[in-house]
Amino acid sequence: MGSGQTAWESALIQLSNAVRELGLDDGLHELLATPRRALTVSVPLRYDDGHVEVLTGYRVQHNLARGPAKGGVRYHPATDIDEVKALAMWMTWKCALIGIPYGGAKGGVGVDPKLLSRNELERVTRRYASEIIPIIGPEKDIPAPDVGTDEQTMAWMMDTYSVQTGYSVPGVVTGKPVAIGGSEGRGGATSRGVMYSAFSALREASVDYRGCTVAVQGFGKVGGLAAQFLHDAGCSVVAVSDVKGGIYNPRGLNPVALLRHLRGGADSVVGYPGTDTITNDELVELDVDVLVPAALEGVITEENADRVKARFVVEGANGPTTPAADEILEKNGVVVVPDVLANSGGVAVSYFEWVQDLQAYFWTEDEVNDRLKVLMDRAYTDVSGLAAERGVSLRTAAQMIGVGRVAEAHRTRGLYP
Ligand code: NAD
């Protein structure tokens, strides 16, 4: 998606910026830039009509210095090894930044899940899970949902792993249904975190969030509930979009009614009554207070960054802003709350889910949400404090904290042999 830098190039440039600020040596830089493991697997799929196609799946473990690897599984036609490597690297810095004991990973299958039946999706998922079983497990690498996957995908992965192990292993994935060891509050966690971090940035700039106008790109798991939470808190969500396009109403949309409309069978937000249709490109350039990109990477680039009118960009998605665009936004005074901070609520509650699974003792939704807020507020304070101290952007400060903690873990553990 987008033009200019690819996700992997962006991730490497961001790492170099953090390494330079931290004064790390070349050897450590190379170690941090290199994925620990990158597995490519073939995923043969028998379609319901009997014909067979071989899809390609990936699981990349970027870094394991601070604990088992953690990261989502993406089903998307454009998913390839470089995208998965970038997403895995961002997971490493994110887990370190919010202070949870994980390294970073990501996985994916190059497929459009919307074109598959439920039975085909189940077969893809079980075969993909079987192929990556040698490297996953509650102490090794714990997958979760991402673009194109959901609670049901995680249930099939958990079941596949458990059947092959011989007993139930709920801690092998997070983002599962509560009925099989999922956590209360996980479904809305990423979106809740997006709201918390948006409000922290607004508060810091002495802007009242009530009445703020918001545009959300990607009305999926993250964007849909982020729109709802922001609306419920008193913001005016004026535009949302999905892969088919966007809708706009300057007087504000009702995300709850829109979610209900989609659950009722509509296949897109486009065409929702009482709204104007806009493109995804137009949404990014709307004159709003807060822009929440919550779809894919590379949507704010050097091509359109100068036309972004929002004062705050809160990255629900991973990697939506390229490094070249970051420079333009910074020059224009736009505050970017970076992905590794803004969307870290998801992995935070995934961590809580894993802890609950390992202890076989479950918390209430209020306990989960309260602990999430503590982690997110602490991370925001750390990042904004370092940004002010060093005169760098929130992105560079967030990366410095994440990269710095992983570097410290490497130095402390030493290099084997
Ligand atoms: P999702 O599949 O639930 O939703 C994705 C949304 O983006 C859908 O509305 C889809 O139609 C839309 N979309 C897809 N391609 C698009 C395009 N080309 N242009 C515009 N819209 C497009 O996925 P999600 O889980 O909500 O993930 C969204 C982003 O948030 C991703 O970058 C993901 O890595 C990131 N993220 C997700 C989680 C999580 O817990 N699910 C956690 C942290 C970060």
Side-chain angles (χ1 to χ4, degrees), residues 1-2 7 10-11 70-79 83-84 86-91 93-95 97-98 104-108 111-114 143-154 173-176 182-183 185-194 197 215-228 239-247 255 258-259 262 266-270 278-284 292-300 314-321 338-353 372 376:
M1 206 180 181
S10 294
K70 188 88 193 76
V73 173
R74 178 172 291 195
Y75 288 175
H76 191 276
T79 291
E83 181 186 60
V84 176
L87 292 163
M89 180 186 276
W90 286 323
M91 287 306 298
W93 315 141
K94 191 184 301 180
C95 292
L97 170 63
I98 56 161
K106 207 81 180 193
V111 66
D112 186 347
K114 288 214 161 60
D146 191 74
V147 174
T149 60
D150 59 15
E151 283 194 349
Q152 181 60 66
T153 322
M154 294 305 113
V173 291
T174 58
K176 304 177 288 296
S183 177
R186 173 61 182 91
T190 311
S191 315
R192 202 173 285 284
V194 166
S197 54
V216 179
Q217 185 189 49
F219 200 69
K221 295 189 294 298
V222 176
L225 285 179
Q228 184 187 322
V240 301
S241 71
D242 57 33
V243 68
K244 300 212 165 144
I247 54 173
L258 189 52
L259 285 166
L262 292 173
D267 69 342
S268 171
V269 295
V270 176
I278 56 171
T279 65
N280 268 292
D281 290 344
E282 286 167 342
L283 183 142
V284 169
V292 180
L296 298 179
E297 51 274 8
V299 292
I300 305 176
V314 183
E315 296 185 332
N318 287 304
T321 313
D339 44 13
V340 290
L341 177 61
N343 70 37
S344 62
V347 75
V349 175
S350 273
Y351 165 61
F352 297 157
E353 179 174 332
L372 169 64
M376 299 277 316

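Start at 1 and go down the list; that is how both ligands and their atoms are numbered.
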Requested in this report: Mark up the atoms of ligand 1 that fall under 4.0 Å of a heavy atom belonging to Asn343, in ascending order.
Outcome: 43 (C), 44 (C)

Query raised in the report: For Arg186, is the nearest heavy atom under 4.0 Å from an atom of ligand 1?
Result: yes

Requested in this report: Decide, yes or no, whether a salt bridge links Asp267 with Lys244 under the criterion of side-chain N to carboxylate O below 4.0 Å.
Outcome: yes

Report summary line: Numbered in order shown, the ligand 1 atoms found under 4.0 Å of a heavy atom of Gly148 are 2 (O)

Requested in this report: Would you mind telling me if ligand 1 is within reach of the side chain of Ala189, the backbone, both or neither, using heavy atoms under 4.0 Å?
Outcome: neither

Query raised in the report: Does the side chain of Thr321 pick up a donor-acceptor pair with the side chain of Glu315 at under 3.5 Å?
Result: yes

Report task. Would you mind listing which atoms of ligand 1 come within a distance below 4.0 Å of any non-hydrogen atom of Phe219? Result -> 9 (O)

Query - Nearest-option assignment for atom 22 (C) of ligand 1, heavy atoms, candidates Val240, Val243, Asn318, Asp146 - result: Val243

Query - Closest to atom 41 (N) of ligand 1 among Val222, Leu283, Asp267, Thr174 (heavy-atom distance) - result: Val222

Query raised in the report: Considering only heavy atoms of Arg74, which atoms of ligand 1 have at least one such atom less than 4.0 Å away?
Result: 31 (C), 32 (O), 33 (C), 34 (O)

Report task. Going by heavy-atom distance to atom 4 (O) of ligand 1, choose the closest among Pro145, Ser191, Gly175, Gly220. Result -> Gly220

Query raised in the report: Under the side chain to side chain donor-acceptor pair (under 3.5 Å) criterion, do Asn343 and Thr190 qualify, and how do the steps go?
Result: CA-CA 5 Å; Asn343 70 37; Thr190 311; over 6 Å; no

Query - Backbone or side-chain N or O of Ser241 under 3.5 Å from ligand 1 N or O - result: no

